[in-house]
Novice: 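Here's a structure for you.
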Amino acid sequence: MINETLHTFISVTKNGSFNKAAEKLSLTAPAVMKQMNSLEKSIGAPLFERTNRGIRLTPAGESFLKDAKTILRYTRKSIERAQIASGQTPHLPTCGAQKADSVHPAAPLPTDREERNRRESARRHADIAEAQGKSAEEIHEIFEKVMNGTGRCSKR
């Protein structure tokens, strides 16, 4: 259900090259290039400008990146909601592309309203940190600080 190609696309854009993305995803560079070529073919538009110094997103690629992130965020949340509805502790399945960018740690299912509210707050903070491009370690730390009640929101 989770789209590996979208994870790969996002990794390529973050890393600026097919080779670096392949290394981060534990894939071969030809496999990453094949996925991206197939994605561009199915969309019918080039997503990358390929240069000898790496890749850059085309306007179509910029647009697609925003939507890809949204699709994956909604997918992650829908999986968690389904797991909660069935009485499970929320956890995301892992895949090769997701291991390096796994965002939210699985925590025990909250039993009271205060814990549920704290968990939702921690998720919102982690989502914001993810959108800001923070590392998985930083996001995990933010999540844990909010869950433990030691996190502070910065004043605007």
Novice: Using 0.5 Å steps for rounding, measure from the NZ atom of K69 to the CZ atom of R73.
Specialist: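 K69 atom NZ to R73 atom CZ measures 8.5 Å (nearest 0.5 Å).
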
Novice: Would you compute the distance between atom CZ of R50 and atom OG of S17 and round it to the nearest 0.5 angstrom?
Specialist: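 Separation between the atoms: 12.0 Å.
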
Novice: Would a distance-only check, ignoring hydrogens and angles, find a side-chain to backbone donor-acceptor pair under 3.5 Å from T70 to K66?
Specialist: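 Yes, because the side chain of T70 sits within donor-acceptor range (under 3.5 Å) of the backbone of K66.
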
Novice: Roughly how far apart are F9 CZ and I43 CD1, rounded to 0.5 Å?
Specialist: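 It is 7.0 Å, given to the nearest 0.5 Å.
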
Novice: Roughly how far apart are L27 CG and T8 OG1, rounded to 0.5 Å?
Specialist: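 OG1 of T8 is found 6.0 Å from CG of L27.
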
Novice: What is the distance from atom CD1 of I79 to atom OH of Y74, rounded to the nearest 0.5 Å?
Specialist: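 Between I79 CD1 and Y74 OH, I get 15.0 Å after rounding to 0.5 Å.
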
Novice: Side chain to side chain contact (heavy atoms under 4.5 Å, CB included) for D127 and R76? Distances and angles first, verdict last.
Specialist: CA-CA 11 Å; D127 285 343; R76 183 177 64 244; 3.3 Å; yes

Novice: Within the structure provided, determine whether K20 and E23 are in side-chain contact (heavy-atom separation under 4.5 Å).
Specialist: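 Answer no - side chains too far apart.
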
Novice: Between N3 (side chain only) and T5 (backbone N and O only), is there a donor and an acceptor less than 3.5 Å apart?
Specialist: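 Flag set: sc N3 to bb T5 pair under 3.5 Å.
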
Novice: Looking at S11 and H7, would you say the former's side chain and the latter's main chain have a donor-acceptor pair under 3.5 Å?
Specialist: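 No; zero donor-acceptor contacts below 3.5 Å.
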
Novice: Taking all atoms of both residues into account, what is the closest heavy-atom pair of A126 and I139, and its distance?
Specialist: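 For A126 and I139, the tightest heavy-atom pair comes out as CB-CG2, 3.7 Å.
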
Novice: Going from CG on L65 to NZ on K14, what distance comes out if it is rounded to the nearest 0.5 angstrom?
Specialist: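 Answer rounded to 0.5 Å: 9.5 Å.
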
Novice: Sub-3.5 Å donor-acceptor pair from the side chain of S38 to the main-chain atoms of K34, do we have one?
Specialist: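 No; judged by distance alone, with no hydrogens or angles, the pair does not exist.
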
Novice: Search all heavy atoms of E40 against all heavy atoms of F48 and return the closest pair with its distance.
Specialist: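 Closest pair (atom of E40, atom of F48, distance): OE2-N, 3.2 Å.
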
Novice: Identify, with sequence neighbours excluded, every residue that meets salt bridge (charged side-chain N to carboxylate O under 4.0 Å, His left out) alongside E141.
Specialist: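 Scan of E141 (salt bridge (charged side-chain N to carboxylate O under 4.0 Å, His left out), adjacent residues dropped) gives K145.
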
Novice: For a quick test of your reading: what N or O donor-acceptor pairs under 3.5 Å do the side chains of residues 52-62 make, sequence neighbours left out?
Specialist:
unit_1 : atom_1 : unit_2 : atom_2 : d
R56    : NH2    : E49    : OE1    : 3.4
T58    : OG1    : P46    : O      : 2.7
T58    : OG1    : L47    : O      : 3.3
T58    : OG1    : A60    : N      : 3.3
T58    : OG1    : G61    : N      : 3.0

Novice: Between I10 and T13, what is the shortest heavy-atom contact and its length?
Specialist: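 Here I10 and T13 meet closest at O-OG1, 2.7 Å.
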
Novice: Taking the side chain as every heavy atom from C-beta outward, state whether L39 and Q35 have any pair of such atoms under 4.5 Å apart.
Specialist: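 Contact flag for L39/Q35 side chains = no.
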
Novice: Is there a side-chain contact between L6 and F64 in this structure, where contact means two heavy atoms from C-beta onward sitting under 4.5 Å apart?
Specialist: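 The answer is yes; the side chains approach within 4.5 Å.
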
Novice: Give the C-alpha distance, both sets of side-chain angles, the deciding distance and a yes or no for side chain to side chain contact (heavy atoms under 4.5 Å, CB included) between V32 and T28.
Specialist: CA-CA 7 Å; V32 169; T28 65; over 6 Å; no

